[in-house]
Student: 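I'd like to ask you about the structure that follows.
First the proteins, then the strands, lettered A, B, ... as listed; each starts at 1. No experiment lies behind these values; they were computed from the predicted model shown. Just the heavy atoms: all of them, side chains too, but no hydrogens, waters or symmetry mates, feed the values below.
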Amino acid sequence: MKRDIVEEANKIISHFPRFHSEEDPFKILIETILSQRTRDENTEKAAKALFSKYNNVFELSKAQPEDLYELIKPSGMYKQKSKRIIEISKILVDQYNGEVPDTLEELLKLPGVGRKTANIVLYVGFGKKALAVDTHVHRISNRLGWVNTKTPEETEDELKKIIPPELWGPLNGAMVNFGQKICKPISPKCFDCILKDVCPSANQFLKPEKK
DNA sequence: AAAACGGGGGC
DNA sequence: GCCCCAGTTTT
């Protein structure tokens, strides 16, 4: 059977869209920091608690790390994240007039902001054509046979060659939902999968994949 | 390349 | 009880 990868991507996007209610780039940046290695529910709890007490970058820039511990604890790694959130806030206030920069290069200078977080902020916060290769994107792209890669960096390069830029962000978000509901790391629900007819890994016994 | 950070949920 | 989560930084 002939594969149409773009069509498969659109299918994932239409079946598992990811909505983003927040629009303030700063709040998206902080939420994305909180979301690192943590599930959505825990991220939302932490973000809600945090923003109920601190409304903006200026207020957060004056806080102490210990002030945030209890608020963001559900998101895990709360000591590091508290420290970084305040460091980021100070940098934004001191060097960026309180605004979040909208380029990959500038975002990567912020503490706790790596390639994945930066790309999520670029897409969700600024609507740019960005692709954040997280564990879901890496795992699913390889299972589907879209790419054959070892590292997220390789996956990013290869995916960008076969997926049109306007789909990068939407596919990225949809893959997260798809990965949580169907194409899970362990015991994926291939029987219920919309791509089981084309996926080379469908119905196989899948072990957790190396990153 | 590997360790450290980390609470919460699924199985 | 073990494994994983829209990872990044340090050793």
Student: Starting at the 5' end of DNA chain B and moving along, which residue's nearest nucleotide shows up first, Thr38(A) or Lys45(A)?
Tutor: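 Its nucleotide being nearer the 5' end, the pick is Thr38(A).
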Student: Starting at atom NE2 of His138(A), determine the distance to atom C1' of dC5(C), rounded to an integer number of angstrom.
Tutor: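 Atom-to-atom, His138(A) to dC5(C), this comes out as 16 Å.
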Student: Where do N or O atoms of nucleotides 1-5 of chain B meet protein N or O atoms at under 3.5 Å, pair by pair?
Tutor:
unit_1	atom_1	unit_2	atom_2	d
dC5(B)	O4'	Gln80(A)	NE2	3.3

Student: Grab the CD1-P distance between Ile182(A) and dG10(B) for me, whole Å please.
Tutor: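 Rounded to the whole Å, the gap is 16 Å.
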Student: If we take the C1' atom in both dC5(C) and dA1(B), what is their distance in whole Å?
Tutor: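 To the nearest whole Å, 22 Å.
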Student: With a cut-off of less than 4.0 Å, is there a side-chain N or O of Arg139(A) near OP1 or OP2 of dC5(C)?
Tutor: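 Yes, because at least one side-chain N or O of Arg139(A) sits under 4.0 Å from OP1 or OP2 of dC5(C).
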Student: With P as the reference atom in both, quote the distance from dC11(B) to dA6(C) in angstrom, rounded to an integer.
Tutor: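 Those two atoms are separated by 14 Å.
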Student: Roughly how many Å is it from CG in Asn42(A) to C1' in dG6(B), rounded to a whole number?
Tutor: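 It works out to 11 Å between those atoms.
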Student: Check ring pair (Phe, Tyr, Trp, His ring centres under 6.0 Å) between Phe126(A) and all other residues, then give those that pass, not counting sequence neighbours.
Tutor: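 Not a single residue meets the ring pair (Phe, Tyr, Trp, His ring centres under 6.0 Å) criterion with Phe126(A).
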Student: Could you state the NZ-C1' distance from Lys109(A) to dT9(C), rounded to the nearest angstrom?
Tutor: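 After rounding, the gap between these two atoms is 19 Å.
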Student: Could you list by number each residue of residues 168-179 of chain A showing a heavy-atom separation from DNA chain C of less than 4.0 Å, or answer none if no residue does?
Tutor: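 Only Asn172(A), Val176(A) qualify.
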Student: Mark yes or no for whether Gln36(A), through its side chain, and Gly112(A), through its backbone, hold a donor-acceptor pair below 3.5 Å.
Tutor: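 Between the backbone of Gly112(A) and the side chain of Gln36(A) there is a qualifying donor-acceptor contact (under 3.5 Å).
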Student: Strictly below 4.0 Å, N to O, side chains only: are Glu87(A) and Lys90(A) in salt-bridge contact?
Tutor: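 So Glu87(A) does not pair with Lys90(A) through a salt bridge.
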Student: Please list, chain by chain and in numerical order, all residues satisfying side-chain contact (heavy atoms from CB on, under 4.5 Å) with Asp4(A), sequence neighbours excluded.
Tutor: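 Asp4(A): side-chain contact (heavy atoms from CB on, under 4.5 Å) contacts with Val6(A), Glu7(A).
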Student: With ring-ring contact (aromatic ring centres under 6.0 Å, His included) as the rule and sequence neighbours excluded, what pairs involving residues 61-105 of chain A come up?
Tutor: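 Of all non-adjacent pairs touching residues 61-105 of chain A, those that pass ring-ring contact (aromatic ring centres under 6.0 Å, His included) are Tyr69(A)-Tyr78(A).
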Student: Report the nucleotide, chosen from dC11(B), dA6(C), dG6(B), that has the shortest atom-to-atom distance to any side-chain atom of Arg37(A).
Tutor: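 Closest of the options to the side chain of Arg37(A): dG6(B).
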Student: Under a 3.5 Å cutoff, is there a donor and acceptor pairing between the side chains of Glu8(A) and Trp146(A)?
Tutor: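 Their side chains do contain a donor-acceptor pair, which is all the 3.5 Å distance test asks for.
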Student: Within the structure, does a side-chain N or O atom of Thr117(A) lie under 4.0 Å from either OP1 or OP2 of dT8(C)?
Tutor: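 Thr117(A) to dT8(C) OP1/OP2: side-chain N or O found under 4.0 Å.
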Student: Which whole number of Å gives the distance between the P atom of dG6(B) and that of dG1(C)?
Tutor: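 Nearest-Å result for dG6(B) against dG1(C) at atom P: 23 Å.
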Student: Which pairs pass side chain to side chain donor-acceptor pair (under 3.5 Å) with one or both residues in residues 164-182 of chain A, sequence neighbours excluded?
Tutor: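 Residue pairs with at least one partner in residues 164-182 of chain A: Arg18(A)-Asn177(A).
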Student: Which part of the nucleic acid does Val137(A) contact within heavy-atom distance under 4.0 Å: base, sugar-phosphate only, or nothing?
Tutor: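 No contact at all - Val137(A) keeps every heavy atom at 4.0 Å or more from the nucleic acid.
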Student: Please map the stems of DNA chain B, keeping only stretches of three or more Watson-Crick or G-U wobble pairs with both distances under 3.5 angstrom.
Tutor: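 When the pairs of DNA chain B are grouped into runs of at least three, the stems are B:1-5 with C:7-11, B:7-11 with C:1-5.
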Student: By the 4.0 Å heavy-atom rule, please label Glu41(A) as base, sugar-phosphate, or nothing.
Tutor: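 Answer is nothing: Glu41(A) stays at 4.0 Å or more from every strand.
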Student: Mind checking what makes side-chain contact (heavy atoms from CB on, under 4.5 Å) contact with Gln95(A), not counting sequence neighbours?
Tutor: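 By the side-chain contact (heavy atoms from CB on, under 4.5 Å) rule, Gln95(A) matches Ile91(A).
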Student: Using heavy atoms to find the nearest nucleotide of DNA chain C for Tyr123(A) and Leu108(A) separately, return the residue whose nucleotide is more 5′.
Tutor: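 Mapping each residue to its closest nucleotide by heavy atoms, the 5'-most match is Tyr123(A).
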Student: With a 4.5 Å cut-off on side-chain heavy atoms, are Leu34(A) and Ile30(A) touching?
Tutor: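 A side-chain contact under 4.5 Å exists here.
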Student: With the threshold set at under 4.0 Å for non-hydrogen atoms, list the residues of residues 61-72 of chain A touching DNA chain B in residue-number order.
Tutor: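 Those residues: none at all.
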Student: Backbone N or O of Leu167(A) within a donor-acceptor pair of the Lys129(A) side chain at under 3.5 Å?
Tutor: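 No, Lys129(A) side chain to Leu167(A) backbone: no donor-acceptor pair under 3.5 Å.
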Student: From CD of Gln180(A) over to P of dG9(B), roughly how many Å is that when rounded to an integer?
Tutor: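 Going from Gln180(A) (CD) to dG9(B) (P), I get 14 Å.
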Student: Out of Val93(A), Leu92(A), Leu50(A), which one pairs with Leu60(A) under the side chain to side chain contact (heavy atoms under 4.5 Å, CB included) rule?
Tutor: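 It is Leu50(A); the other options fail the test.
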Student: Name all pairs fulfilling the salt bridge (charged side-chain N to carboxylate O under 4.0 Å, His left out) condition that reach into residues 56-85 of chain A, sequence neighbours left out, sorted by first residue then second.
Tutor: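 Sorted result for residues 56-85 of chain A: Glu70(A)-Lys73(A).
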Student: Using whole Å, what does the distance between atom C1' of nucleotide dC5(C) and atom CG of Asp134(A) come to?
Tutor: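 After rounding, the gap between these two atoms is 10 Å.
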Student: When all nucleic acid strands are considered with a 4.0 Å heavy-atom cut-off, which category describes Ser75(A): base, sugar-phosphate, or nothing?
Tutor: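 The answer is base, as Ser75(A) lies within the cut-off (heavy atoms under 4.0 Å) of a base atom.
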Student: With no hydrogens and no angle check, just 3.5 Å: does a side-chain donor-acceptor pair link Thr155(A) and Ser141(A)?
Tutor: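 Short answer, no.
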Student: Expressed in angstrom and rounded to an integer, what is the separation of Ile33(A) atom CD1 from dC5(C) atom C1'?
Tutor: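 Distance check: Ile33(A) CD1 to dC5(C) C1' gives 16 Å.
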Student: Please check the phosphate of dG6(B) (OP1 and OP2 only) for any side-chain N or O of Gln36(A) closer than 4.0 Å.
Tutor: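 Answer no for this pair, as no side-chain N or O of Gln36(A) is under 4.0 Å from OP1 or OP2.
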Student: Starting at NZ of Lys83(A) and ending at C1' of dG6(B), how long is that distance when rounded to a whole Å?
Tutor: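 Whole-Å distance recorded here is 16 Å.
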Student: Could you tell me whether Arg18(A) contacts a base, only the sugar-phosphate backbone, or nothing, with contacts defined as non-hydrogen atoms closer than 4.0 Å?
Tutor: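 Base, at least one base heavy atom under 4.0 Å.
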Student: How would you list, by chain and number, every residue that makes a side-chain contact (heavy atoms from CB on, under 4.5 Å) with Ala130(A), sequence neighbours excluded?
Tutor: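 Per chain and number, Ala130(A) pairs via side-chain contact (heavy atoms from CB on, under 4.5 Å) with Asn119(A), Leu122(A), Tyr123(A).
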Student: Using a 3.5 Å distance criterion without hydrogens, assess whether the side chain of His138(A) forms a donor-acceptor pair with backbone atoms of Glu156(A).
Tutor: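 Here the side-chain-to-backbone pair does not exist.
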Student: Would you measure the distance from the C1' atom in dC4(C) across to the matching atom in dC5(B) and give it in whole Å?
Tutor: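 These two C1' atoms come out 15 Å apart once rounded.
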Student: List for me each residue that meets side-chain contact (heavy atoms from CB on, under 4.5 Å) alongside Ser35(A), sequence neighbours excluded, and say none if there are none.
Tutor: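 For Ser35(A) the side-chain contact (heavy atoms from CB on, under 4.5 Å) partners, ignoring immediate neighbours, are Thr32(A), Thr43(A).
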Student: Of the candidate nucleotides dC11(B), dT9(C), dG7(C), which contains the atom at the shortest distance from the side chain of Arg84(A)?
Tutor: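 Nearest to the side-chain atoms of Arg84(A), counting from C-beta on, is dT9(C).
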